Amino acid sequence: MEPQARLLSAILFHKHRQVEVALNRSVLAWKEIERSRKRSPGISNSAETAHSHAVQVCEIVAVCKTKDDDQDSKETMKSQKKAKQHSHLYPHAFTVSYIRRTRQHQWRCGDVTFHSANQGLCEQWIHVINEQLSLLTNRPKSLLVYINPYGGKRHGRRIYEQKVAPLFRRACILADVIVTERANHARDHLKTEANLDKYDGVVCVGGDGMFSEILHGLVTRTQTDNRVDQNQPDAELVPCSLHIGIIPAGSTDCICFATVGTNDPVTSALHIIVGDSQPMDVCSVHHNDIFLRYSVSLLGYGFYGDILTDSERKRWLGPARYDLSGVKTFLSHNYYEGSISFLPAENNKGDPRDKLQCRSGCRICQPKPSSKDTQWEISEEKEKSDKDGMGGWSVIRGKFIAINAASMSCACPRSPRGLSPSAHLADGTTDLILVRKCSRLNFLRHLLQHTNKEDQFDHSFVEVHRVRKFRFQPRQHELDSLEDLSDSPKKTGFSPICSAQTTCNYSTSHSSWTSDGEILPHAAIQVSVHGQLIRLFARGIEEQQQCVLEDPCTLWALEPSTYQSVD
């Protein structure tokens with residue numbers, strides 16, 4: 001690829017040192033002139049060295065004229081005299097705010113200020129940089145923001161006002177803010193009242209529950225506007241046109257962690273500002289052709305369903321209720337009988353155990369050029385033709401401690417790898433994890449492997465399948481009478497934890513499904529994955545610290561094509 005021609009170049013001053021600054025359509029770069037002359041011919045090609053720096057234009061937050069009282073505000077007492085002399089010689093300045101990567105996928109807003117004696121020169125740089133930013137049409141200009149003041153530690157409003165709103169203002173983003181007053185306030189407002197034509201995106205400030213409200217409101221509104229019946233399990237849902245942004249302010253913020261790599265409000269705000277876009281699959285859950293809920297992270301039956309059901313009775317404990325309910329559920333060690341049928345994904349969707357993690361620019365999640373016209377249609381035709389005879393579907397009957405469907409890794413700070421480390425955000429599938437009846441000790445080993453680098457599926461009682469659809473029927477719905485349960489073991493309390501034999505308790509009642517932290521009212525469900533139904537203001541987890549796409553050193557060797565200015 002040929003290097004781009006420079007739009008601007010100039011000799012300016014930065015921190016009292018003379019620097020050469022160059023701009024093309026992709027990169028803003030600067031280097032110190034004095035030191036660069038002493039360097040050896042072998043110049044490093046990194047985006048930032050000791051004397052050369054570069055920023056991608058698409059990661060510039062804003063550029064503006066620097067106010068007099070802002071210049072050199074961080075100077076020490078020792079250098080204040082020198083700064084004062086410098087400001088008299090070069091009284092004009094402009095500041096470029098840009099994304100600066102720090103540790104563990106966190107972003108911060110960095111500033112670099114350039115000084116000049118020529119006011120027109122500074123104005124020219126501001127104009128040309130803003131001109132390039134205006135060409136980035138993916139950036140939002142107007143947002144609808146919902147704040148949950150009760151989620152997590154009740155810091156949602158403070159987080160937005162102190163950390164997020166100032167960044168939105170700097171980027172000239174208009175935000176209409178609604179502080180929710182009750183459960184499902186945001187969902188209901190999006191479904192019926194919100195004038196969505198005014199906005200480029202919807203932002204939720206809260207936890208996973210708040211995101212679920214936004215998801216249900218926006219998806220339901222989109223289907224209603226397009227006259228799609230959500231109660232039809234096989235309905236082809238219409239993708240949402242507006243992006244969703246997540247400012248984490250909840251207890252776990254699993255969805256934010258799995259799509260950005262950190263639960264940091266500033267990082268999420270910067271992803272929104274630069275207009276990042278991450279498609280996501282959404283699962284629709286039905287019972288007897290009645291729509292129940294949408295899910296984007298975890299559908300869990302048995303162990304995780306029991307934990308959530310028990311924790312709902314202990315909400316007064318706050319986040320600690322999950323730990324207490326988890327211990328209680330583990331000791332109870334119940335299992336449940338039923339049958340699960342599923343439609344496997346195509347071979348090109350990878351495998352849950354292939355160790356190919358979903359990262360920014362994931363090739364598996366890239367939409368195929370002819371996916372709607374060829375392979376997808378072939379799969380749909382096969383599914384329809386085999387529907388009556390269950391051809392193409394697999395059926396498994398048994399006794400399960402847990403049945404989980406992970407549409408993303410479900411990683412969080414407590415489980416950095418998640419329930420299914422190789423699950424993908426936007427490949428049109430979900431990873432179905434079946435944990436059969438086993439001893440407590442074996443189940444504990446399985447749980448512990450979620451927190452380390454070992455394969456949590458490497459057990460004889462665990463199997464995992466990548467699927468496009470699945471159905472679950474609890475055993476009670478299959479029985480002619482309860483007499484068939486007469487030979488089942490009775491529930492007698494806790495069994496010896498380290499027994500060599502299976503020590504499960506059996507309950508004739510159902511467990512409950514949990515869908516992204518909400519309890520479903522039915523045990524018999526059918527689930528369909530809708531590929532890339534929504535888009536987040538995110539880019540997926542970056543594999544490593546990303547560098548500028550173009551070697552900044554090539555800018556110095558080019559002849560400027562449009563402007564050239566020297567102070």
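When a residue number appears, it is its place in the shown sequence, counting from 1. Predicted model, so just to flag it, every value in this text is computed and none were measured. Only this structure's heavy atoms are used, side chains among them; waters, hydrogens and symmetry mates stay out.
Taken to the nearest 0.5 Å, the CD atom of E193 stands 9.5 Å off from the CZ atom of R221. Note that OG1 of T66 and CZ of F94 are 8.0 Å apart. Values are rounded to the nearest 0.5 Å. Atoms CG and CZ, from D431 and R353 in turn, are 12.0 Å apart once rounded to the nearest 0.5 Å. Rounding to the nearest 0.5 Å places CG of L167 at 6.0 Å from SG of C109. Distance check, rounded to the nearest 0.5 Å: CD1 of I159 to CG of D264 gives 9.5 Å. H155 NE2 to I147 CD1: the interatomic distance, rounded to the nearest 0.5 Å, is 14.0 Å.
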- request: Decide yes or no on side chain to side chain contact (heavy atoms under 4.5 Å, CB included) for H424 and C362, but give the supporting numbers first.
  value: CA-CA 8 Å; H424 291 268; C362 176; 3.2 Å; yes
Pair H14-T113, side chain to side chain donor-acceptor pair (under 3.5 Å): steps then yes or no: CA-CA 6 Å; H14 171 56; T113 299; over 6 Å; no
- request: Dump the intermediate steps for side chain to side chain donor-acceptor pair (under 3.5 Å) on T102 and R108, then the final yes or no.
  value: CA-CA 7 Å; T102 60; R108 288 295 178 264; 5.4 Å; no
field: Stepwise side chain to side chain contact (heavy atoms under 4.5 Å, CB included) check, D200 with H243
entry: CA-CA 7 Å; D200 301 311; H243 283 58; over 6 Å; no
query: Between R154 and R157, does a side chain to side chain contact (heavy atoms under 4.5 Å, CB included) hold up when you go through it step by step?
result: CA-CA 8 Å; R154 300 174 179 259; R157 188 184 303 203; over 6 Å; no
field: Stepwise side chain to side chain contact (heavy atoms under 4.5 Å, CB included) test for M210 and V205
entry: CA-CA 7 Å; M210 187 63 174; V205 184; over 6 Å; no
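Side-chain contact between H53 and K31 is absent, with no heavy-atom pair separated by less than 4.5 Å. A heavy-atom distance below 4.5 Å is found between the side chains of L8 and Q124. In this structure the side chain of S409 never reaches within 4.5 angstrom of the side chain of S420, judged on heavy atoms. Counting heavy atoms from C-beta on, the side chains of V57 and L23 come closer than 4.5 Å. Counting only heavy atoms from C-beta outward, the side chains of L196 and L190 approach each other to under 4.5 Å. Residues V274 and Y98 form no side-chain contact, since every pair of their non-hydrogen atoms from C-beta on lies 4.5 Å or further apart. N118 has its side chain out of reach of H92: every pair of non-hydrogen atoms, C-beta onward, lies at least 4.5 Å apart. Taking 4.5 Å as the limit, every side-chain heavy atom of R535 sits out of range of all side-chain heavy atoms of I244.
Distance alone, capped at 3.5 Å, places no donor-acceptor pair between the R468 side chain and the G428 backbone. With N226 contributing its side chain and V228 its backbone, the two residues share no donor-acceptor pair below 3.5 Å. A donor-acceptor pair is defined here as one N or O able to donate and one able to accept, closer than 3.5 Å; such a pair exists between the side chain of Q223 and the backbone of V238. In this structure a side-chain-to-backbone donor-acceptor pair under 3.5 Å is present from S422 to K355. Of the possible polar contacts, one joining the N138 side chain to the G275 backbone as a donor-acceptor pair under 3.5 Å is found. Of the possible donor and acceptor atoms, none in the side chain of E131 sits under 3.5 Å from a partner among the backbone N and O of H127. Looking at E213, its side chain does come within 3.5 Å of a backbone N or O of A186 through a donor-acceptor pair. Using modelled atom types, one side-chain atom of H216 and one backbone atom of S212 make a donor-acceptor pair closer than 3.5 Å. Judged by distance alone, the side chain of S407 and the main-chain N or O of T430 form no donor-acceptor pair under 3.5 Å. For D281 (side chain) and V529 (main-chain N/O), no donor-acceptor pair under 3.5 Å exists by modelled atom type.
Smallest separation of non-hydrogen atoms from R466 and G350: NH1-C, 3.6 Å. Nearest heavy atom pair, residue I272 against residue G245, reads CD1-CA, 4.0 Å. When every heavy atom of I126 is checked against every heavy atom of V63, the shortest pair comes out as O-CG1, 4.0 Å. Shortest non-hydrogen contact noted between G201 and F537 is CA-CE1, 4.0 Å. What you find for H105 and I541 is that their closest heavy atoms are CE1-CG2, 3.4 Å. Taking every heavy atom of both residues into account, V61 and I273 meet most closely at CG1-CG2, 4.0 Å.
We find that E542 and R101 are joined by a salt bridge, their nearest charged nitrogen and carboxylate oxygen being less than 4.0 Å apart.
Residues R182 and H185 bring no donor and acceptor atom of their side chains to less than 3.5 Å of each other. Side-chain atoms of D176 and Y199 form a donor-acceptor pair, as typed in the model, at a separation below 3.5 Å. Of the N and O atoms on the side chains of T267 and T262, not one donor lies less than 3.5 Å from an acceptor on the other residue. Side-chain polar atoms of T259 and R539 form no donor-acceptor pair below 3.5 angstrom. Side-chain contact of Q230 with Y294: a donor-acceptor pair under 3.5 Å is present, judged by distance alone. For the 3.5 Å distance criterion, the side chains of D427 and T429 qualify, holding a donor opposite an acceptor. For the residue pair S97 and D111, a side-chain donor N or O sits within less than 3.5 Å of a side-chain acceptor on the partner. Counted by atom type alone, D516 and S295 present one or more donor-acceptor pairs between their side chains at under 3.5 Å. Under the 3.5 Å distance criterion, with hydrogens and angles disregarded, a donor-acceptor pair is assigned to the side chains of H530 and S284.
When the shell of 6.0 Å around CG of N347 is examined, it contains 12 or fewer heavy atoms from other residues, nucleotides or ligands.
Aromatic ring centres of F114 and F13 lie farther apart than the 6.0 Å criterion allows. For H189 and Y146, the distance between ring centers is under 6.0 angstrom.
For the side chain to side chain contact (heavy atoms under 4.5 Å, CB included) with L144, the qualifying choice from L242, I214, V203, I178 is I178, the only one to do so.
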